[in-house]
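One structure is given here, and the rest of the page talks about it.
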Amino acid sequence: MKRPVVARVIAALVLCATAAWAAPAAARSHPEGRTGVPAMVARVLPAIVSITTRHIERDQFNQETPVRGLGSGFLFDRRGYIVTNNHVVEHAEQIKVTLSDERTFRATLVGTDRFTDLAVMKIEGENFPAIQFGGASRLAIGETVVAVGSPLWIEGGPTVTAGVVSALGRSMEQPGLPMLHNLIQTDAAINPGNSGGPLLNLAGRVVGINTAVIASAHGIGFAIASDVAKPVLRALIVNGRIVRPSLGIVAVSVTPQVAYANELPIERGALVVRVDDGGAADLAGLKPGDVITAVAGGAVKNLHHLHEALARHRIGEAVEVTVRRDGQTLVVTAVLEEYR
């Protein structure tokens with residue numbers, strides 16, 4: 001009498017085990033059953049956009065030549081607001097965005113902030129798919145992240161790459177661009193055209209906005225942290241721009257390498273490279289080659305510290321600026337102007 005019962009129990013266990021094995025297998029083979037990164041990517045792709053810009057340049061014969069540019073972006077608001085990098089749309093006369101479902105729209109530029117290399121555009125419509133922001137402050141080095149964008153004019157929709165958070169709190173200076181701070185460094189492949197696309201955590205939240213790579217390196221890309229981007233984007237939607245105080249200079253961080261190359265007596269500060277004619281620094285008597293070491297009594301160890309110090313003051317306010325010049329320490333007074 002016991003054997004049939006035992007047989008039925010064994011058969012039931014076999015059926016349960018078979019079902020438990022078959023269910024994940026079916027989930028793996030059926031698109032709607034995908035989990036992990038593929039499922040996350042499928043959720044965010046409808047909000048990814050490819051950006052094509054057009055502007056006019058003059059050639060060597062002074063003839064107008066149309067020039068196209070390429071970048072990436074994503075919808076972060078269901079009303080049609082799109083974020084990208086400022087350098088993607090700067091000087092653009094026409095901006096066209098293409099969604100992953102191949103719908104195309106003419107985009108209107110809402111506002112830009114060259115200081116953080118961010119820009120907001122808008123397309124007409126409603127109930128667009130949108131991606132939510134996550135907190136970059138909670139990222140850990142070594143955490144898996146996914147970059148999505150439209151690199152190198154590749155046809156057929158967005159490209160997805162994966163990597164890890166290589167470092168946090170990076171700063172980067174590029175010729176002709178402002179110094180960017182609090183960047184996320186990642187080895188997820190970022191190529192020309194990826195600029196403005198999202199860097200996502202595994203929950204599908206935006207933790208960064210891909211912005212730059214070091215061309216001479218391999219596996220070193222950077223993204224603007226979401227915690228930096230969110231207040232800027234809100235302000236751009238409301239006001240179209242960000243108002244910041246400035247000295248009217250171009251400067252670089254002093255490092256031991258910079259100090260050695262320029263024969264500087266100190267290894268920390270902000271080295272003035274250029275002074276705008278008629279600007280705040282020019283009127284205060286600052287010169288290229290000066291090293292700014294303090295603003296309003298607060299120490300300046302690098303360009304990031306200088307920007308933070310200036311942000312604590314108002315446009316039109318007079319502040320004391322301490323500099324090192326030819327081995328001497330000087331204190332000048334500068335009336336801050338609006339950053340342009």
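Throughout, numbering of the chain's residues begins at 1 and tracks the sequence.
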Atom pair CD/CE of Gln185 and Met172 - distance to nearest 0.5 Å: 10.0 Å
Rounded distance (nearest 0.5 Å) linking atom CG of Asn302 with atom CD of Glu308: 8.5 Å
Parallel, tilted or perpendicular: ring planes of Tyr81 versus Phe76, cut at 30 and 60 degrees: tilted
Min side-chain heavy-atom separation Asp290-Ile292 under 4.5 Å: no
Any Met121 side-chain heavy atom under 4.5 Å of Val110 side chain: no
Separation between CG of Asn194 and CG of Leu199, rounded to the nearest 0.5 Å: 10.5 Å
No-hydrogen, no-angle side-chain donor-acceptor test under 3.5 Å, Thr211 and Asp117: yes
Heavy-atom check, side chain of Val291 versus side chain of Leu264, under 4.5 Å: yes
Heavy-atom side-chain contact between Arg268 and Pro256 under 4.5 Å: yes
Intermediate values then yes/no, side-chain contact (heavy atoms from CB on, under 4.5 Å), Val232 and Val120: CA-CA 10 Å; Val232 172; Val120 174; over 6 Å; no
Nearest-0.5 Å distance, CG of residue Asn85 to OG1 of residue Thr112: 12.0 Å
Approximate separation, where rounding is to 0.5 Å, of Lys287 NZ and Asp282 CG: 10.5 Å
Glu126 vs Arg78, salt bridge (Lys or Arg N to Asp or Glu O under 4.0 Å): CA-CA, chis, key distance, verdict: CA-CA 6 Å; Glu126 56 185 17; Arg78 295 180 66 85; over 6 Å; no
Ser226 side-chain N/O to Ala136 backbone N/O, donor-acceptor pair under 3.5 Å: yes
Note, Phe115 side chain near His307 side chain (heavy atom, < 4.5 Å): yes
Any donor-acceptor pair under 3.5 Å from Thr104 side chain to Thr98 backbone: no
More than 12 heavy atoms from other groups under 6.0 Å of CZ on Arg274: no
Beyond-backbone contact of Leu303 with Val252, side-chain heavy atoms, under 4.5 angstrom: no
Val148 and Ile48, any side-chain heavy atoms less than 4.5 Å apart: yes
Phe74 vs Phe128, ring-ring contact (aromatic ring centres under 6.0 Å, His included): CA-CA, chis, key distance, verdict: CA-CA 11 Å; Phe74 59 93; Phe128 287 104; over 10 Å; no
Donor on one side chain, acceptor on other, Ser253 and His304, under 3.5 Å: no
Side chain Thr52, main chain Leu70, donor-acceptor under 3.5 Å: no
Side-chain touch Val258/Leu271, heavy atoms, less than 4.5 angstrom: yes
Distance in Å, Leu247 CG paired with Leu306 CG, rounded so as to fall on 0.5 Å steps: 6.0 Å
Short side-chain to backbone donor-acceptor contact, Glu90 and His87, under 3.5 Å: no
Residues forming a side chain to side chain contact (heavy atoms under 4.5 Å, CB included) with Leu283, sequence neighbours excluded: none
Check: Thr333 main-chain N/O paired with Glu320 side-chain donor or acceptor under 3.5 Å: no
Side-chain donor/acceptor of Asp187 to backbone N/O of Val164, under 3.5 Å: yes
Within residues 238-260 or reaching into it, pairs that qualify as salt bridge (charged side-chain N to carboxylate O under 4.0 Å, His left out) - sequence neighbours excluded: Asp113-Arg244, Arg241-Glu338
Under 3.5 Å donor-acceptor, Asn210 side chain and Ser195 backbone: no
Glu143 (side chain) donor-acceptor with Ala140 (main chain) under 3.5 angstrom: yes
For Asn191, side-chain hydrogen bond (donor to acceptor under 3.5 Å, both in side chains) partners two or more places apart: none
Any donor-acceptor N/O pair, Thr84 side chain to Gly196 backbone, under 3.5 Å: no
Steps toward side-chain contact (heavy atoms from CB on, under 4.5 Å) verdict (Ile51, Ile95): CA-CA 7 Å; Ile51 301 170; Ile95 306 172; 3.8 Å; yes
Backbone of Arg79 reached by a side-chain donor or acceptor of Lys122 within 3.5 Å: yes
Thr293 versus Arg324, side-chain donor and acceptor atoms under 3.5 Å: no
